[in-house]
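Would you mind keeping the following structure in view while I ask a few things?
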Amino acid sequence: MPELPEVETVATGVDKRVRGDVIESVWLGSKPEPFKTSPIEMAATLSGRRVERVYRVGKHIVFDLEGADGLQWIVHLGMTGRLLVAEADAPVETHTHAVLRLGSGRELRFVDPRRFGRLAIHREAAGQGFRGPGREPLTITLEEFAALFKNRKTPIKAALLNQKLLHGVGNIYADESLFRAGIRPKRMAGRLTREQLTRLHAALQEILRHAIALGGSSVSDYVDADGERGFFQLEHKVYMRGGEPCLTCGLPIRRMLLGGRGTHYCPGCQK
DNA sequence: CATTTCACCTGGTGGC
DNA sequence: TGCCACCAGGTGAAAT
């Protein structure tokens with residue numbers, strides 16, 4: 001899964017290749033799982049439209065479609081979803097659920113083995129495009145960030161993963177930013193000190209920006225729109241390093257379950 | 001309402 | 001080589 005940096009990388013890559021292109025025809029797989037909008041309505045809405053712009057909101061990829069009705073195509077990659085721009089004669093991978101044939105002769109393909117991804121048409125309400133469920137981690141101010149966690153009794157890691165608070169943060173960047181800020185994942189969100197909130201706000205933004213600059217983390221099968229892997233996995237300090245020595249203090253990194261998610265932290269560096 | 005747990009899927013890995 | 005348990009970037013419904 002792609003989290004904020006991976007989705008940003010994919011959206012940027014797709015925008016570069018697809019912006020201005022016309023969707024000439026649409027094929028949607030028969031399995032209904034990925035579609036929040038019915039396949040018939042989705043295909044009818046997309047066919048013949050020009051793509052004005054592609055960008056990221058939270059973990060969603062938003063396609064602005066040309067036209068006065070303000071319709072948008074929303075793609076969520078789930079855990080294993082990929083959006084690929086391919087030549088029309090390139091072999092179609094298994095688990096391909098959507099193919100958009102473009103006027104340029106290329107195809108935009110949605111591939112998702114686990115089928116946790118979602119596709120939908122968003123109808124603009126009151127002149128507003130798709131906004132996402134929460135606040136943007138990259139642009140939120142420290143004051144707004146601190147206010148999100150006030151009086152919350154859930155562990156800080158669970159709060160970071162709650163998309164209605166901040167959208168875009170997932171398991172990798174929650175663990176990595178808590179390590180960088182020196183905070184244990186189980187610490188109650190509402191009990192963080194002002195200093196901890198300041199460190200966490202800075203750590204999260206620094207890590208997300210760094211990860212975007214490196215094209216995201218390729219843990220297993222993540223690739224961008226050109227099929228290229230990212231490099232931020234080489235910078236992980238705790239994620240998936242359970243049992244290995246902390247790169248700062250040497251103590252073994254611990255792995256535990258928190259909210260059903262694998263959680264990694266350093267018992268020496270995080271308080 | 002806030003919070004936690006679990007189902008939803010396929011595939012890769014490691015132990016036996 | 002096979003079988004099986006367990007794990008994986010996420011979310012949202014149901015239970016508490």
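In the text below, chain A, chain B and the rest are named by the order of the sequence lines, each starting its count at 1. Values below: all heavy atoms of this structure, side chains included; hydrogens, waters and symmetry mates excluded.
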Quick one: is A/His76 getting a side-chain N or O under 4.0 Å of the C/dT11 phosphate, OP1 or OP2?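 Yes, such a contact exists.
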Before accepting this row, confirm whether a basic side-chain N of the pair A/Lys237/A/Glu176 lies closer than 4.0 Å to the acidic partner's carboxylate O.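 Not counted as a salt bridge, because no side-chain N and carboxylate O are separated by less than 4.0 Å.
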Within less than 4.0 Å of OP1 or OP2 of C/dT11, is there a side-chain N or O belonging to A/Lys59?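 True: A/Lys59 side-chain N/O within range (under 4.0 Å) of C/dT11 OP1/OP2.
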Under 4.0 Å between any heavy atoms, over every strand shown, what does A/Thr94 touch: base, sugar-phosphate, or nothing? Just pick one.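 Answer is nothing: A/Thr94 stays at 4.0 Å or more from every strand.
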What's the gap between B/dC6 and C/dC6 when it is taken at their P atoms, as a whole Å value?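 Looking at atom P only, B/dC6 and C/dC6 are 15 Å apart.
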Nearest whole Å is fine: how far is B/dA2 P from A/Leu148 CG?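 Answer to the nearest Å: 13 Å.
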Without decimals, in angstroms, what is the distance between A/Gln163 CD and C/dA13 P?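 Going from CD in A/Gln163 over to P in C/dA13 covers 15 Å.
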Looking at A/His95, does any N or O in its side chain come under 4.0 Å of the phosphate oxygens OP1/OP2 on B/dG11?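 So the side-chain polar atoms of A/His95 do come within 4.0 Å of the phosphate oxygens OP1 or OP2 of B/dG11, strictly under.
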Ring-face cation contact, A/Tyr239 with A/Arg241, 6.0 Å cut, 45° max: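 Judged by the rule, A/Arg241 and A/Tyr239 form no cation-pi pair.
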How would you label the contact of A/Phe232 with the nucleic acid (heavy atoms, under 4.0 Å): base, sugar-phosphate, or nothing?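 No contact.
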Assign A/Arg255 to base, sugar-phosphate, or nothing according to its heavy-atom contacts below 4.0 angstrom with the strands shown.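 Here A/Arg255 touches the backbone only, sparing every base.
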Length of the NE2-P vector between A/His60 and C/dT11, whole Å: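 Spelled out: NE2 on A/His60 to P on C/dT11 is 7 Å.
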Can you see if the side chain of A/Thr80 gets near the phosphate of B/dG11 - specifically, an N or O under 4.0 Å from OP1 or OP2?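 So the side-chain polar atoms of A/Thr80 never come under 4.0 Å of the phosphate oxygens OP1 or OP2 of B/dG11.
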Flag the pair A/Arg109 and A/Glu93 as a salt bridge only when some basic side-chain nitrogen lies within less than 4.0 angstrom of an acidic carboxylate oxygen.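 Looking at A/Arg109 and A/Glu93, the cut-off is not met.
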Record whether the side chain of A/Arg114 comes under 3.5 Å of the base of C/dA8 through a donor-acceptor pair of N or O atoms.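 Check passes, donor-acceptor contact within cut-off.
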In whole angstrom, give the distance that lies between atom CG of A/Leu165 and atom C1' of C/dG12.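 Distance, rounded to whole Å: 15 Å.
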B/dC9 versus C/dC3 - spacing of their P atoms, nearest Å: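 24 Å, rounded to whole Å.
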Distance in angstrom units between A/Leu160 CG and C/dT11 P, rounded: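 Rounded to whole Å, this separation is 13 Å.
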Whom does B/dC9 pair with, Watson-Crick or G-U wobble, provided both distances fall under 3.5 Å?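 With both distances under 3.5 Å required, B/dC9 matches none.
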For A/Ile172 and C/dC7, what is the distance between atoms CD1 and C1' respectively, to the nearest whole Å?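 The distance from CD1 of A/Ile172 to C1' of C/dC7 comes to 14 Å, rounded to the nearest Å.
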Verify the stacking flag for A/Phe116 against C/dT11: centroid separation must be under 5.5 angstrom and the ring planes must differ by under 30 degrees.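 According to the criterion (under 5.5 Å, under 30°), no, A/Phe116 does not stack.
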Taking only the side-chain nitrogens and oxygens of A/Arg115, find out if one of them lies under 4.0 Å from OP1 or OP2 of B/dT10.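 A/Arg115 to B/dT10 OP1/OP2: side-chain N or O found under 4.0 Å.
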Can a donor-acceptor pair be found between the side chains of A/His97 and A/Asp112 at a distance below 3.5 Å?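 Distance-only check fails for A/His97 and A/Asp112.
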Using atom CG of A/Asn151 as one end and atom P of B/dA2 as the other, report the distance to the nearest whole Å.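 It is 11 Å, rounded to the nearest whole Å.
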Looking at A/Arg50 and A/Asp21, is any side-chain nitrogen of the basic one under 4.0 Å from a carboxylate oxygen of the acidic one?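 No, A/Asp21 and A/Arg50 are not salt-bridged.
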